[in-house]
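Single-structure report; data block below.
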There are 2 protein chains.
Amino acid sequence: MNISGAAKAAGLPVKTVRYYADIGLVEPAARTAAGYRDYDDTSLRKLSFVGRARGFGFSIAQCRELLGLYQDEHRTSAEVKQIASARLDDIRAKQRELQALHDELEHLVGACCGDERPDCPILDYLS
Amino acid sequence: MNISGAAKAAGLPVKTVRYYADIGLVEPAARTAAGYRDYDDTSLRKLSFVGRARGFGFSIAQCRELLGLYQDEHRTSAEVKQIASARLDDIRAKQRELQALHDELEHLVGACCGDERPDCPILDYLS
DNA sequence: GCTTGACCTTCCAGTTAGGGGAAGCCTTAC
DNA sequence: GTAAGGCTTCCCCTAACTGGAAGGTCAAGC
């Protein structure tokens, strides 16, 4: 299967699939005589795997680790869980941060009349 | 005041202050004979303003707009409120996205034993 | 007056995870 | 045979900095 077929199957842009091949994350099974990337079933499954992992916000480095575990017969679920837990912690940290920003900004926006006058509690707060 | 003093006063890294000068966001009031950036009271206030706005997650472009309004006698609070509301909408969208990721990933992590065996619902879900 | 160390300057490269587009080869359909 | 479309590599671009190198400047101490 050529790159556009693989991209479609994995639900990724062609550029992204090429990028993953460039950085050695998911390499095509082979190249055709003309130099075209050729994806087989295994490489296709890896592409989809990475696509879903990226959807969870795992970094490329984490995807690389997860992919390694995915292909490792002797992995332990503890190793996987540790990576996923780290991501979960990141998400929770980001959520707390966003919540604080949200509350503060919502308060300011609520206090601003939004009319034709120049007086503005938002600018007051920033200055 | 030289750049390290200004950076300290605004609570920003020196590199960042230099960057803001480079992109014309907050320029120093003058240069000394030796070419050193020289910050006065006004430029210091702008630096702090931008630092706080960046803390809210406003983009550099939004900071530029806010700074323009801050210095504009004829601004309307509506203009400010519009920018802030846009940022608030962004935050809320990000929060919804993170919440969905959080719930799904928390569910998977909770279902993973995290022991020595290779069986893992997280990998199962990704593959 | 000289040295030393801490400043300052500019410039270049790298970061994440790709996106856009050019120049040129390959394949497929008509 | 040719034209359209797909593929290749290569390079530049993004946001908002950060790190580092090479070299000029300044203040303190001897």
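Throughout, protein chains are lettered first and strands after them, A, B, ... in sequence-line order, and every chain is numbered starting at 1. Just the heavy atoms: all of them, side chains too, but no hydrogens, waters or symmetry mates, feed the values below.
- We find that CZ of B/Arg87 is positioned 13 Å from C1' of D/dA15, with the value rounded to whole Å.
- A side-chain donor from one of B/Asp115 and A/Ser77 sits under 3.5 Å from a side-chain acceptor of the other.
- Where B/Ser59 and B/Ala33 meet DNA chain D, the nucleotide closest to each residue was compared, and B/Ser59 sits on the side nearer the 5' end.
- The phosphate of D/dC17 (OP1 or OP2) has a side-chain N or O of B/Arg54 nearer than 4.0 angstrom.
- B/Ile60 places its CD1 atom 14 Å from the P atom of D/dT14, with the value rounded to the nearest Å.
- In this structure, the CG atom of A/Asp22 is 7 Å from the P atom of D/dT9, given to the nearest Å.
- The phosphate of D/dC17 has OP1 or OP2 within less than 4.0 Å of a side-chain N or O from B/Tyr20.
- A donor-acceptor contact under 3.5 angstrom links the side chains of B/Tyr125 and B/Glu104, judged on distance only.
- Phosphate proximity of C/dC8 to B/Ser4: present, with a side-chain N or O under 4.0 Å from OP1 or OP2.
- One finds a side-chain N or O of A/Arg37 lying less than 4.0 angstrom from the OP1 or OP2 phosphate oxygen of D/dT9.
- Put simply, CD1 on B/Ile3 is 5 Å from P on C/dT9, counting in whole angstrom units.
- Across the protein-nucleic acid pair, B/Tyr19 atom OH and C/dC11 atom P stand 16 Å apart, rounded to whole Å.
- Salt-bridge formation is not detected for the pair B/Arg96/B/Asp89: no Lys NZ or Arg NE/NH1/NH2 atom is positioned less than 4.0 Å from an Asp or Glu carboxylate oxygen.
- Remark: P of D/dA21 and NZ of B/Lys15 are 11 Å apart, rounded to the nearest angstrom.
- Contact annotation for B/Ile23: no contact, since no heavy-atom pair falls under 4.0 Å across all strands.
- In this structure, the CZ atom of A/Arg18 is 14 Å from the C1' atom of D/dC11, given to the nearest Å.
- Donor-acceptor pairing under 3.5 Å, judged by distance alone, is present between the side chain of B/Tyr36 and the base of D/dG24.
- Remark: B/Asp41 engages B/Arg45 in a salt bridge, criterion side-chain N to carboxylate O under 4.0 Å.
- Salt bridge absent: B/Glu65 and B/Arg75 never bring a charged side-chain N and a carboxylate O closer than 4.0 Å.
- Atom CZ of B/Arg31 and atom C1' of D/dG24 are 14 Å apart (whole Å).
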